[in-house]
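We name chains A, B, ... by the order of the sequence lines, and we start the count at 1 in each one. These values consider heavy atoms only, across backbone and side chains, with no hydrogens, waters or symmetry-generated copies.
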Amino acid sequence: MYQAQELIQQALIKALHQLYQITVTQVAVQKTRPEFEGDFTVVTFQFVKAAKKSPDVLAQELGDYLIQHENQIVKFNVIKGYLNLVLNQDFWFSYFSGTQNNQTIGYRSKRSDAHQIMLEYSSPNTNKPLHLGHLRNNLLGYSVAEILKANGHEVIKTNIVNDRGIHICKSMLAWQKFGNGETPASSGMKGDHLVGKYYVAFDKAYKKEIELLVNEGYSKEEAEKKSPLMLECQQMLRDWEDGKEAVVSLWKTMNAWVYEGFDKTYKTLGVDFDKIYYESNTYLLGKEVVEEGLSKKVFYKKENNSIAIDLSSEGLDEKVVLRSDGTSVYITQDLGTAIERFKAYPKLKQLIYTVGNEQDYHFKVLFKILDKLGYDWAKECYHLSYGMVELPEGKMKSREGTVVDADELLQEMFETARATTNELGKVDNFSEEELNKLYSMVSLGALKYFILKVDPKKKMLFDPKESIDFNGHTGPFIQYTHARIQSVLRRANQDIKNNHWPQTLHPLELELIKSIYDFESVVKDAGDTFNPALIANYIYELAKLFNRFYHDCSILKTEDETVKNFRLNLCRTCAQVISNAMHLLGIQVPERM
RNA sequence: GGUCCCAUAGCUCAGCUGGAUAGAGCACAGGUUUUCUAAACCUGCGGCCCUUGGUUCGAAUCCAAGUGGGACUACCA
């Protein structure tokens, strides 16, 4: 790999030392802004004092030195103390020739120091279908996993399904009471939606009960405790924990409906998992950890017999880790599960949890406790926290029915893709199967890109009334660019020779090479910061640049064979970068659209 | 009350490890196709980068305080 910045930096360090006896270990070398001539820029102000020179003189002297001592640098100019350096064109040709036909451009092959990383994402409850918030989780988790793989790591994608608890009992109870034996088959409803319907039904009936009780003169709090439905539901949960046949069997049946539904949605979305955990298997984990922590005096027993940890010295509060009746709280299970995972995967280096930012505090506490218990991998646990998806009227609430359902949204996007494609009328000779594949590719491209281009940690707004765009800074724009390139390559129908370089480059050609050059470092940054948005924004810039090039420079009509060959080469490499980058976002690119 | 996150164009977002005149897309007004896919390209319009202080040669970017918005602060999951 060629390292332009590194090369310039080393030369600069030498220059500063020899010319002015200034010793530094690092000099920031940035890309030159497009409005100036040059490839890389050095800001000289920081050395002005030590060198006792004016900025312009300093820049001039440094530039002279660099030209003399570094043969890759051929020209420079100084503007207001900024030293703009121009690299030898051969440097770029030489880099570019290394990318020829490299189908894994931008990806690192598996490294010797590869980390085995477990990345948990999705982790749905089995009482309702997936909504827009889950989509962000799924897309983010999947993409980060792909990005980490592209950085040469081994990634185990995992999903811990929250398949037990009071929320599932609510759906079960409501189905028992109001369901009349309805099944996905009898109703034609997708299983997760059917179960979700009864979750909502429970809530409605429950609210009604409370209203009645309040009218009878009880306070709201009392009413919530007295509600017969809720009492019955809690009994159901106890029965489930005791393994009571009828309850367990109903639970199995309804969960199976949900899994069938989820699988469909996952398949549509194109996300998958290497290992699935179920909370019904893990929810009792962690109790022995509490014992261990007690003996290590990390935890203490409170007067009421509950067990807790005091984290006030860390700026956090006291946290109960085991109830006074000896049952687990949620964090007990999380402690147990994390330890279990590191036991089951001895090579595991890092554990990443993709969970919304409302749980920031929870994970801070979790990691702190693991650290205090003496697990040295605790510092390698990472909460991949992301902001909520909000609607114009505020947060989504599934019980209040203000959610954007994932399946519905996917279906709507599909229809929009169909309508738009047909309107443009470029696909007359597509078969039915090819068409459906295209609609799905484009609609998913639009949706995934829409969600992933936003910095994960920021909350994002989704307005269902304004459908997701297919023009401009969107997934389909980038997919279109890819299809366009493929069309040119098909028509060219010729072998592309390597190492045939034109005498001079068009400015856009040079910019394209530089942009391609950046891809590798963008992948690295995205991996280091777990941020797919970096990839998304990068690849948009490349696509835009390509479209300008496509508009300004003819490719197939070029008479000079060397130039034509070079441009085809550039096209092919751009298409590969687009395809590889989009793959990291979980987005496929079409050959034609 | 405490802790954490966020604030950039009418809207949705980049830029934030300090650097040149703060960028895109959408929307709005216009233009480009006998020529490789117009889901494209080009032009215009649009900004006290929340406020005030501080650090610095230099602040949208770092620090502090304030304002506004959100989340969390369960023997819920």
Undergrad: The side chain of Asn537(A) is closest to which nucleotide in this list: U3(B), A14(B), U37(B)?
TA: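 Comparing U3(B), A14(B), U37(B) against the side chain of Asn537(A), the answer is A14(B).
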Undergrad: Please work out if Cys553(A) contacts a base, only the sugar-phosphate, or nothing of the nucleic acid, heavy-atom cut-off 4.0 Å.
TA: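 Answer is base: heavy atoms of Cys553(A) come under 4.0 Å of a base.
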Undergrad: Tell me: CZ of Phe36(A) to C1' of A20(B), nearest whole Å?
TA: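 Result: 5 Å.
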Undergrad: From C6(B), U3(B), A77(B), pick the nucleotide closest to the side chain of Lys457(A)?
TA: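 Closest of the options to the side chain of Lys457(A): C6(B).
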Undergrad: From CD of Glu393(A) over to P of C11(B), roughly how many Å is that when rounded to an integer?
TA: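 Distance, rounded to whole Å: 17 Å.
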Undergrad: What nucleotide among A40(B), C36(B), G70(B) has an atom nearest to a side-chain atom of Tyr480(A)?
TA: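 Comparing A40(B), C36(B), G70(B) against the side chain of Tyr480(A), the answer is A40(B).
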Undergrad: If only side-chain N and O atoms of Arg567(A) are considered, is one of them under 4.0 Å from the OP1 or OP2 phosphate oxygen of C36(B)?
TA: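 Arg567(A) to C36(B) OP1/OP2: no side-chain N or O under 4.0 Å.
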Undergrad: Under 4.0 Å, heavy atoms only, any strand: does Asp552(A) hit a base, just the sugar-phosphate, or nothing?
TA: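 The residue Asp552(A) makes no contact with any strand.
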Undergrad: Would you mind classifying the nucleic acid contact of Asn84(A) as base, sugar-phosphate or nothing, using non-hydrogen atoms under 4.0 angstrom?
TA: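 Contact class for Asn84(A): base.
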Undergrad: Distance check needed: C76(B) C1' versus Arg323(A) CZ, whole Å only.
TA: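 Taking atom C1' of C76(B) as the reference, CZ of Arg323(A) is at 8 Å.
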Undergrad: Does the side chain of Arg491(A) get closer than 4.0 angstrom to OP1 or OP2 of U37(B) through an N or O atom?
TA: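 Indeed, a polar side-chain atom of Arg491(A) lies that close.
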Undergrad: For the side chain of Asp469(A), starting at C-beta, report the closest nucleotide among A77(B), C26(B), A40(B).
TA: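 Looking only at heavy atoms from C-beta outward on Asp469(A), the closest nucleotide is C26(B).
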Undergrad: Of the candidate nucleotides A20(B), U3(B), A77(B), which contains the atom at the shortest distance from the side chain of Lys364(A)?
TA: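 Of all the options, the side chain of Lys364(A) is nearest to U3(B).
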Undergrad: Which listed nucleotide (C41(B), C13(B), A20(B)) is nearest to the side chain of Val454(A)?
TA: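 The listed nucleotide nearest to Val454(A)'s side chain is C13(B).
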Undergrad: Examine distances only and state if a side-chain atom of Trp251(A) and a backbone atom of Met172(A) form a donor-acceptor pair shorter than 3.5 Å.
TA: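 Absent.
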Undergrad: Is the aromatic ring centre of Phe45(A) closer than 5.5 Å to the centre of the six-membered base ring of G19(B), with the two planes inclined by less than 30°?
TA: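 A stacking contact exists, since Phe45(A) sits close and nearly parallel to the base ring of G19(B).
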Undergrad: Does the Lys NZ or Arg CZ of Arg136(A) fall within the cation-pi geometry relative to Tyr386(A) - under 6.0 Å from the ring centre and within 45° of the axis?
TA: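 Here Arg136(A) fails the 6.0 Å and 45° test against Tyr386(A).
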Undergrad: Over all strands shown, is Glu423(A) touching base, sugar-phosphate only, or nothing at heavy-atom distances under 4.0 angstrom?
TA: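 Here Glu423(A) touches no strand at all.
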Undergrad: Can you run down the ring pair (Phe, Tyr, Trp, His ring centres under 6.0 Å) pairs that involve residues 436-455 of chain A, sequence neighbours left out, and say none if there aren't any?
TA: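 Listed by first then second residue: Phe414(A)-Tyr439(A), Tyr449(A)-His473(A), Phe450(A)-Phe462(A).
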Undergrad: Which listed nucleotide (C57(B), A24(B), C72(B)) is nearest to the side chain of Tyr361(A)?
TA: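 Comparing C57(B), A24(B), C72(B) against the side chain of Tyr361(A), the answer is C72(B).
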Undergrad: Does the Lys NZ or Arg CZ of Lys170(A) fall within the cation-pi geometry relative to Tyr199(A) - under 6.0 Å from the ring centre and within 45° of the axis?
TA: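 Not satisfied by the 6.0 Å and 45° rule.
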Undergrad: Ignoring hydrogens and geometry beyond distance, is the side chain of Thr481(A) in donor-acceptor contact with the base of A40(B) at under 3.5 Å?
TA: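 No pair found.
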Undergrad: How many Å lie between CD1 on Ile331(A) and P on C72(B), as a whole number?
TA: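 Atom CD1 in Ile331(A) sits about 16 Å away from atom P in C72(B).
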Undergrad: How is Val43(A) classified with respect to the nucleic acid when contacts are heavy atoms under 4.0 Å: base, sugar-phosphate, or nothing?
TA: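 Base contact.
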Undergrad: Rounding to an integer number of Å, can you tell me how far Asn547(A) CG sits from C42(B) P?
TA: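 Taking atom P of C42(B) as the reference, CG of Asn547(A) is at 9 Å.
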Undergrad: Check every strand shown and say whether Thr327(A) touches a base, only sugar-phosphate, or nothing at a heavy-atom separation below 4.0 Å.
TA: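 Touches nothing.
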Undergrad: How about Tyr198(A) and Phe202(A): are their ring centroids closer than 6.0 Å?
TA: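 No, too far apart.
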Undergrad: What is the distance from CG of Leu316(A) to P of C4(B), rounded to the nearest Å?
TA: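 Leu316(A) atom CG is separated from C4(B) atom P by 10 Å.
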Undergrad: When you get a sec, tell me which of C5(B), U73(B), A38(B) is the closest nucleotide to the side chain of Asp317(A)?
TA: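 My answer, after comparing the listed nucleotides, is U73(B).
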Undergrad: Across the strands shown, which category fits Met460(A) at heavy-atom distances under 4.0 angstrom: base, sugar-phosphate, nothing?
TA: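 Met460(A): backbone/sugar contact only, no base atoms under 4.0 Å.
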Undergrad: Does Tyr283(A) have its ring centroid less than 6.0 Å away from the ring centroid of Trp240(A)?
TA: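 Close enough - the centres of the two rings lie under 6.0 Å apart.
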Undergrad: With a 6.0 Å cut-off on ring centres, are Phe519(A) and Tyr538(A) close enough?
TA: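 Yes; Tyr538(A) has its ring centre under 6.0 Å from that of Phe519(A).
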Undergrad: Check every strand shown and say whether Glu279(A) touches a base, only sugar-phosphate, or nothing at a heavy-atom separation below 4.0 Å.
TA: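 The answer is sugar-phosphate, as Glu279(A) gets under 4.0 Å only of primed atoms, P, OP1 or OP2.
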Undergrad: Any side-chain N or O of Lys80(A) below 4.0 angstrom from OP1/OP2 of U21(B)?
TA: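 True: Lys80(A) side-chain N/O within range (under 4.0 Å) of U21(B) OP1/OP2.
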Undergrad: A40(B), OP1 or OP2 - any side-chain N/O from Arg548(A) closer than 4.0 Å?
TA: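 So the side-chain polar atoms of Arg548(A) never come under 4.0 Å of the phosphate oxygens OP1 or OP2 of A40(B).
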Undergrad: Looking across every strand, which nucleic acid part, if any, lies under 4.0 Å from Leu461(A) by heavy atom: base, sugar-phosphate, or nothing?
TA: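 Counting heavy atoms under 4.0 Å across all strands, the contact made by Leu461(A) is with sugar-phosphate only.
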Undergrad: Are Phe477(A) and A40(B) stacked, counting the six-membered base ring, centres under 5.5 Å, planes under 30°?
TA: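 Taking the rule of under 5.5 Å and under 30°, the ring of Phe477(A) does not stack on A40(B).
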Undergrad: Under 4.0 Å, counting only non-hydrogen atoms across every strand here, what does Phe450(A) touch: a base, just sugar-phosphate, or nothing?
TA: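 Counting heavy atoms under 4.0 Å across all strands, no contact is made by Phe450(A).
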Undergrad: Using Watson-Crick or G-U wobble pairs with both distances under 3.5 Å, give me RNA chain B in dot-bracket, 5' to 3', with [ ] for crossers and | for pairs to another strand.
TA: (((((((..((((.....[...)))).(((((.......))))).....(((((..]....))))))))))))....
Undergrad: Stacking between Tyr82(A) and the base of A20(B) (centre distance under 5.5 Å, interplanar angle under 30°)?
TA: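 So yes, this residue stacks on that base, both cut-offs being met.
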Undergrad: In terms of the nearest nucleotide of RNA chain B, which residue is placed more toward the 5' end: Phe470(A) or Ser328(A)?
TA: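 Its nearest nucleotide lies further toward 5', so the answer is Phe470(A).
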Undergrad: Report the residue from Lys457(A), Lys459(A), Lys458(A) that forms a salt bridge (charged side-chain N to carboxylate O under 4.0 Å, His left out) with Asp455(A).
TA: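 Single pass found, and it is Lys457(A).
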Undergrad: Starting at atom CD of Glu224(A), determine the distance to atom P of C76(B), rounded to an integer number of angstrom.
TA: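 These atoms are roughly 15 Å apart.
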Undergrad: Mind checking what makes side chain to side chain donor-acceptor pair (under 3.5 Å) contact with Ser171(A), not counting sequence neighbours?
TA: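 Here no residue qualifies.
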Undergrad: Both Thr41(A) and His551(A) contact RNA chain B. Taking the nearest nucleotide for each, which residue is further toward the 5' end?
TA: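 With Thr41(A) and His551(A) compared, the 5'-side residue is Thr41(A).
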Undergrad: Pick the C1' atom in A24(B) and in G47(B), then give their distance to the nearest Å.
TA: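 Roughly 14 Å separates the two C1' atoms.
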Undergrad: Check Val589(A) against Met441(A) and note the closest heavy-atom contact, atom names and distance.
TA: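 Residues Val589(A) and Met441(A), closest heavy atoms: C-SD, 3.7 Å.
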Undergrad: Is it true that Lys31(A) and Asp518(A) have a side-chain N and a carboxylate O under 4.0 angstrom from each other?
TA: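 Looking at Asp518(A) together with Lys31(A), the answer is yes, because their closest N to O distance falls below 4.0 Å.
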Undergrad: I need the CG-P distance between Leu58(A) and G19(B), as an integer number of Å.
TA: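 Computing the Leu58(A):CG to G19(B):P distance gives 19 Å.
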Undergrad: Ignoring backbone atoms, test whether Lys458(A) places a side-chain nitrogen or oxygen under 4.0 Å from the OP1 or OP2 oxygen of C5(B).
TA: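 Indeed not, no polar side-chain atom of Lys458(A) lies that close.
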Undergrad: Taking A29(B) as the reference, what is the distance to C5(B) when you measure between their C1' atoms (whole Å, please)?
TA: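 Going atom to atom, C1' in each nucleotide, I get 39 Å.
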Undergrad: Of the nucleotides U37(B), A14(B), G69(B), which has the atom closest to the Lys459(A) side chain?
TA: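 Closest of the options to the side chain of Lys459(A): G69(B).
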Undergrad: Can you identify which nucleotide, out of C57(B), U37(B), A24(B), has its nearest atom closest to the Lys49(A) side chain?
TA: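 That would be C57(B).
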Undergrad: Just to be sure I understand the rule, does Arg33(A) reach a base, reach only the sugar-phosphate, or reach nothing, if contact means heavy atoms closer than 4.0 Å?
TA: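 Result for Arg33(A) = base.
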Undergrad: Donor-acceptor pair under 3.5 Å: do we get one between Asn471(A)'s side chain and the base of A38(B)?
TA: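 A donor-acceptor contact between them is absent.
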